[in-house]
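Input: a single structure, listed below in structure tokens.
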Amino acid sequence: MIPEFSEGQFDVVVVGAGHAGCEAALACARTGLKTAMLTLNLDSIAFMACNPSVGGTAKGHLVREIDALGGEMGINADKTALQMRMLNVGKGAAVQSLRCQSDKHAYHTEMKRTLEHTPNLRILQGEAAEILTEDGRVTGIKTTYGGILYCRAAILATGVYLNAETITGDVKQRSGPNGFAPATALTENLIALGYGVRRFKTGTPARLDGRTVDFGECAIQYGDEDIMPFSFMHDAPVKSALPCYLTYTNARTHEIILSNLDRSPLYNGTIQSTGPRYCPSIETKVVRFSDKDRHQLFLEPEGADTLEVYVQGMSSSLPHDVQRDMYRSVKGLENCDIMRYAYAIEYDCIDTLDLYPTLEFKKVEGLYTAGQINGTSGYEEAAAQGLMAGLNASLKLRGKPPLILGRDEAYIGVMIDDLVTKGTDEPYRMMTSRAEHRLEIRQDNADFRLTQKGYDCGLVTEERYARYLERKKEYESALCQLNGRVSAADADGFLRSLGMEGTEKPLTYADMIRRGASLKQLKERFGVPVNCGAGAAQSAEIYIRYEGYLKKGLDRIKQARKLEERRLPPDIDYEKIGGLRLEAREKLTKIRPASLGQASRIPGVNPADIAVLILYLK
């Protein structure tokens, strides 16, 4: 019997120090709560176990929203960027997303430094063995060494470490990512507390020795030089430090994979768990998309202080000898040496239908979960959940109302609503297609949507808030300036110089934007807007260009909010409501939606069931 001892009394204990744990701990500590962060290994703080990057399609929106609320991911990504690119520039503003190639080691080091210098925060290396409860609420976290961290709330951000096993070919090892130790003591306790637990899988590609890669045979990919960074606290564009490279698989690569499927854990039955649909292994891509004769691969530097190269697009769990042949079949990689082989990893996670929209567990008061333990994939999804779990735990302990973001307010709101209303049977990934109001919740206006909320919660600093107010003022000034009128002759000459239809009437600058002119072209010709930052001017341009659609979207949002405002009492006995179908009763009883809007999004609850609930409420 290991003797118990006190590690101290805290307001909040955060279990895990990945991207979710870091944001959760910072949110709690920065809002004045005495916080402890318990991690298996200090060297795994903010560790990028997979791709060395932040952002991407829809994920860039999440990072901007984290930043707007007062989180750290955007700031840290900017500080440690090797290059940045804006994705989907040929498409509309709603789906354009920023992506940052990160210095993996620097990202960890900078985040660890930030945590270490944060008041109210203690960092402790150790493994959580048990969540202590009394009368249905959290009282502490017990470590495998008998230490007890007494607390009023706890946030579980365990990532992919719960009973983690790595799999490569016939070799299965009890291990977390990158050789870190797994967490083996907590799953049974979660089941005892009433969580539904399932098994998910993810994977990662090999890392190559850059000295053995012929980059001359690959297409070079530079970063964008004039792209504004993630954080609204930063004004200067990030300069590209290192390029990435593009190459492709080929018929020989596919032949090697297909001839060795019997040795693939994904196809011989070794792996039984569910993997990510939107980030499949190279084996899955070759089998599923057999009509494609090649798949693109991005060669990404792991950092400025290492020669390791990450091969994005080629994750695998094939045996090492097959991996060697497979990678060397690719153009530019013919003589490559593998420094770290690819592997798959299986881990335990929970059923998010057991959570409130605050990410608090329905069966234990004060117990929250965030990140991959909630069945999501990706650093950005994890960080966003960590921030929200931390903020809501802090708000609850400070006696304030929770922060629940609507689907029309943030991608974070879309993600959390999906998780707690629909659940997920596979690793969840944020995508722009999941957001029905994506034109309204663009990445450029994240601060306009969220910074006031973060300030009201006590997380946004005075400095950040002042920047937000100044940017808002600049934005309003830009809108005003762009409503300035241009003579018919000047407008006609300008439009015709761009190959557009001319005009016989005076036009405003906004009119010309709506006709297809860009703000850059207007600035070069007429010098507007003035006294305005690039970010505020861009937001003004986007608003003007899509103003008609935005007004229609606002009408749809108002209609949707009517259902959200119809609250459902938490103690409804759905079994006694006549007219509800059996499936609807079961789903409503399990999820216990907070509103008619949430109820309408539950799979298995149809419009007729909603009509019954409306009558019941009346």
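Please read all numbers here as calculations on a predicted model, not as lab measurements.
D348 has no carboxylate O lying under 4.0 Å from a charged side-chain N of R198, or vice versa, which leaves the two without a salt bridge. Salt-bridge annotation for R449 and E440: absent, with no side-chain N of the basic residue lying under 4.0 Å from a carboxylate O of the acidic one. Taking the charged nitrogens against the carboxylate oxygens, E308 and K104 have no contact shorter than 4.0 Å, which rules out a salt bridge. By the 4.0 Å N-to-carboxylate-O rule, R601 lies close enough to E564 to be salt-bridged with it. Salt bridge annotation for D235-R467: present, with a cationic side-chain nitrogen under 4.0 angstrom from a carboxylate oxygen. Using a 4.0 Å cut-off between a side-chain N of Lys or Arg and a carboxylate O of Asp or Glu, E110 and R113 qualify as a salt bridge. By the 4.0 Å N-to-carboxylate-O rule, R85 lies too far from D224 to be salt-bridged with it. Under a 4.0 Å N-O distance rule, the pair R407/D418 qualifies as a salt bridge. Comment: K201 does not engage E346 in a salt bridge, judged by the lack of any side-chain N to carboxylate O separation of less than 4.0 angstrom. A salt bridge links K142 with E4; the closest basic N to acidic carboxylate O contact falls under 4.0 Å. Residues D67 and R464 are paired through a salt bridge, judged by an N-O separation under 4.0 Å between the basic side chain and the carboxylate.
Nearest approach of P603 to K587, heavy atoms of both residues: O-NZ, 2.8 Å.
Legend: side chain to side chain donor-acceptor pair (under 3.5 Å) pairs involving residues 11-21, not counting sequence neighbours, sorted by first then second residue: D11-R152.
A cation-pi contact, defined as under 6.0 Å to the ring centre and within 45° of the axis, is absent between R99 and F230. A cation-pi arrangement is found for R64 relative to F232, the charged atom lying closer than 6.0 Å to the ring centre and inside a 45° cone about the ring normal. Cation-pi geometry between R207 and Y341 is not met: the NZ or CZ atom fails to fall both under 6.0 Å from the ring centre and inside 45° of the normal.
Between F47 and F180, the two ring planes are perpendicular [angle over 60°; tilted spans 30° to 60°].
Residues L397 and L33 form a side-chain contact, since some pair of their non-hydrogen atoms from C-beta on lies under 4.5 Å apart.
Rounded to the nearest 0.5 angstrom, L132 CG and L149 CG are separated by 9.5 Å.
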